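In this chain, numbering begins with 1 at the start of the sequence shown. We count ligands from 1, going down the list as the structure has it; atoms in each ligand are counted the same way. In this text the structure is predicted, and so the values were computed from the model without any measurement.
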Amino acid sequence: MTGEPVPVLRMLLREEHDVFVLRQRGREVAAALGMEQQDQVRVATALSEVGREVPRAEVTFAAATEPYPHLVIVLSSAAVGNHMLEGVRAAGRLMDEVRVEDERIVLTRRLPAQVDPERLEQAREELAASMPTTALDELSVQNRQLVTALEQVQAHRDELLQLNAELEETNKGVMALYTQLSEELEQTNQGVVALYAELDERSAQLRDANEAKSRFLANVSHELRAPVTAIIGLTRLLLDPRSESLTSEQTHQLELVQGSAADLLARVNDLLDLAKAESGRIEPNWGPVDLAAVFGQLRGTLRPLARPEVELAVDEPPAAGLVSDELLLTQILRNLLTNALKFTDRGTVGMGAWVDGERLYIAVADTGTGIPFAEQSRVFEEFHQVRGALQTGGTGLGLPYARRLATLLGGALTMVSEPGEGSTFTLSLPLRPAVPADGHDGEGPLPHVDRALVVDDDPAARHLLRQLLAGIADQVSEAADVRSGLAIAVRERPSVIFLDLRMPGGDGTLLLADLAALPEVAGIPVFVVTAADLSGFGPHELAHARSVVTKEDLTRRTVVDLVAGLGS
Ligand code: ADP
């Protein structure tokens with residue numbers, strides 16, 4: 001076979017009842033080309049549908065190979081036209097394609113396989129030999145086909161009914177399984193809900209107990225402080241050389257009373273500190289921390305506490321640019337160093353610091369008694385002390401307080417200890433305080449400005465302000481000196497300026513004066529933020545500042561309040 005369709009049979013439709021012959025020939029051609037029974041009926045029916053509407057036509061049956069094996073039937077007649085829509089539409093549903101062209105209709109249907117030339121020749125001969133039958137014969141063939149089709153439909157329907165029944169059965173099974181699973185899930189859920197309720201209740205009880213304890217500690221220590229302070233005052237009065245003279249024994253006894261009262265006061269103060277930290281009443285005062293100064297001060301004040309055979313070695317800390325609470329940090333470190341010096345009778349007590357990523361680590365290590373393994377988890381509990389030769393005084397409140405403060409600063413305090421070898425306490429702190437996720441403590445909406453400018457020579461202070469302005473200013477520009485501060489102010493026209501006073505290369509007051517002299521920036525509100533002692537400044541020098549805040553008072557709250565005040 002070539003690409004061109006190869007004709008198999010030609011016939012002429014002369015009269016109306018020739019349509020039966022067309023039908024029959026169509027079926028025979030389809031059968032001869034290997035089509036299945038069903039497809040034979042399709043071809044035959046399609047032909048009778050279009051044949052009815054083109055009574056006088058020349059019909060060609062051909063086999064084509066391209067692009068796939070298919071049967072092509074062409075009905076040519078001058079009567080072909082658009083009036084035959086119904087028959088063409090019906091045939092279109094039975095064949096792959098039915099085209100109405102100029103004076104001809106072309107019907108195609110895919111063949112199950114290629115027909116080799118030999119078989120084609122044979123088909124052609126058979127078809128030529130077979131005589132067209134009568135209309136009656138064709139009608140009976142058609143009836144038989146109809147009966148077969150009806151039987152097939154019935155069989156399909158039976159099959160469908162059976163499938164439906166099976167599906168229904170399966171559905172019932174699935175539903176039963178689903179119900180069972182739902183019940184189990186519901187039971188599990190009920191269990192989980194009950195468990196959570198119990199947990200909630202337990203944590204509420206714990207919270208209550210904790211609050212009651214803190215309240216008790218705070219009340220008791222307050223109550224104790226007044227009488228103890230009074231005792232100390234009275235003993236001081238009695239021991240005053242200007243008071244009536246006492247016997248040496250009386251003096252000695254009074255000194256003992258005074259010593260005990262001072263001891264008691266120290267413990268009561270410890271209790272009060274802890275109670276305050278626990279109830280969250282200590283709010284860190286964030287600011288740049290001068291680590292070298294903190295380390296230097298601790299080195300100086302604690303050296304006298306070291307026993308003769310103990311060396312206190314405090315390393316130089318790295319320049320970490322730490323932003324934290326210097327006072328609270330000093331308290332934690334003093335506590336750790338005092339403990340280390342107290343429980344070490346020979347060797348070294350050392351303190352060193354290093355930065356790793358966004359955190360600062362400070363370790364206090366000693367070669368002292370160490371802490372027995374069984375006690376290690378308990379030394380952070382309130383009032384817990386380990387029995388031992390070096391155990392004198394103390395309250396057992398130092399470590400829990402230190403850990404509490406570390407948590408307040410966003411850090412952690414951990415310990416490793418080898419009994420008889422020594423202990424190392426490590427404090428880890430974030431280099432910068434974390435800004436709360438919503439950037440605020442939840443009291444109403446945040447104030448807002450488009451752009452803020454921070455002028456400060458200290459990068460840590462600029463960073464702190466940037467953090468404090470998070471969520472308040474859309475953009476924060478920074479300048480390290482007065483000159484670039486003025487340039488940025490003129491260029492960017494910020495909504496607000498935070499200005500440091502003491503800066504190398506030009507005082508902040510110069511910028512205040514320059515800003516006031518330039519009409520385009522004179523209206524920008526300036527907050528002076530300074531660590532400087534303001535007594536050296538005349539009132540006129542700060543006249544153009546909206547307000548003055550000390551660096552110590554610079555908290556998130558202050559910044560929120562300052563910016564909020566701009567609107568009014
Ligand atoms: P205090 O020092 O007032 O007793 P702390 O809470 O500071 O209370 O410490 C609790 C206990 O932990 C101490 O009594 C001591 O037994 C133990 N401890 C703390 N630091 C050290 C250390 N560096 N070496 C050995 N033991 C320590």
Side chains of E492 and S477: donor-acceptor distance under 3.5 Å anywhere? yes

Within the structure, is a non-hydrogen atom of F425 found at a distance of less than 4.0 Å from ligand 1? yes

Would you mind listing which atoms of ligand 1 come within a distance below 4.0 Å of any non-hydrogen atom of P400? 6 (O)

Looking only at heavy atoms, is any part of D366 under 4.0 Å from ligand 1, and if so is it the side chain, the backbone, or both, or is it neither? side chain

Ligand-residue contact atoms, ligand 1 with T369, heavy atoms, under 4.0 Å: 25 (C)

Any residue meeting side-chain contact (heavy atoms from CB on, under 4.5 Å) with L234, in chain and number order, not counting sequence neighbours: none

Near N339, which atoms of ligand 1 are under 4.0 Å from a heavy atom of that residue? 2 (O), 5 (P), 7 (O), 9 (O), 19 (C), 20 (N)

List ligand 1 atoms under 4.0 Å from Q385, heavy atoms only on the residue side. 1 (P), 4 (O), 14 (O)

Enumerated ligand 1 atoms positioned under 4.0 Å from heavy atoms of L399: 5 (P), 6 (O), 7 (O), 9 (O), 12 (O), 19 (C)

Quick one: does F425's side chain get under 4.5 Å of L399's, heavy atoms only? yes

If you compare T338, I371, N335 by their heavy atoms, the one closest to atom 26 (N) of ligand 1 turns out to be I371

R483 and D481: salt bridge (Lys or Arg N to Asp or Glu O under 4.0 Å), yes or no, with the steps? CA-CA 6 Å; R483 210 162 43 87; D481 56 49; 5.2 Å; no

Could you tell me which atoms of ligand 1, counted from 1 in the order shown, lie closer than 4.0 angstrom to a heavy atom of A340? 23 (N)

Is it the case that more than 12 heavy atoms not belonging to E186 sit under 6.0 Å from its CD atom? no

Any K551 side-chain heavy atom under 4.5 Å of V529 side chain: yes

Can you see whether H448 engages D474 through a side-chain donor-acceptor pair at a distance of less than 3.5 angstrom? yes

Which atoms from ligand 1 have a heavy atom of G370 less than 4.0 Å away? 25 (C)

Do E311 and R303 pass the salt bridge (Lys or Arg N to Asp or Glu O under 4.0 Å) test, and can you show the C-alpha distance, the side-chain angles, and the key distance before you say yes or no? CA-CA 9 Å; E311 186 203 355; R303 181 153 289 147; over 6 Å; no

Has S417 got any heavy atom lying under 4.0 angstrom from an atom of ligand 1? no

Taking side-chain contact (heavy atoms from CB on, under 4.5 Å) as the definition, give me every residue that meets it alongside I524, ordered by chain and number, with sequence neighbours left out. P494, I497, V521

Under 4.0 Å from a heavy atom of L397: give me the atoms of ligand 1 that qualify, with their elements. 6 (O), 8 (O)

Quick check on G368 - does any of its heavy atoms sit under 4.0 Å from an atom of ligand 1? no

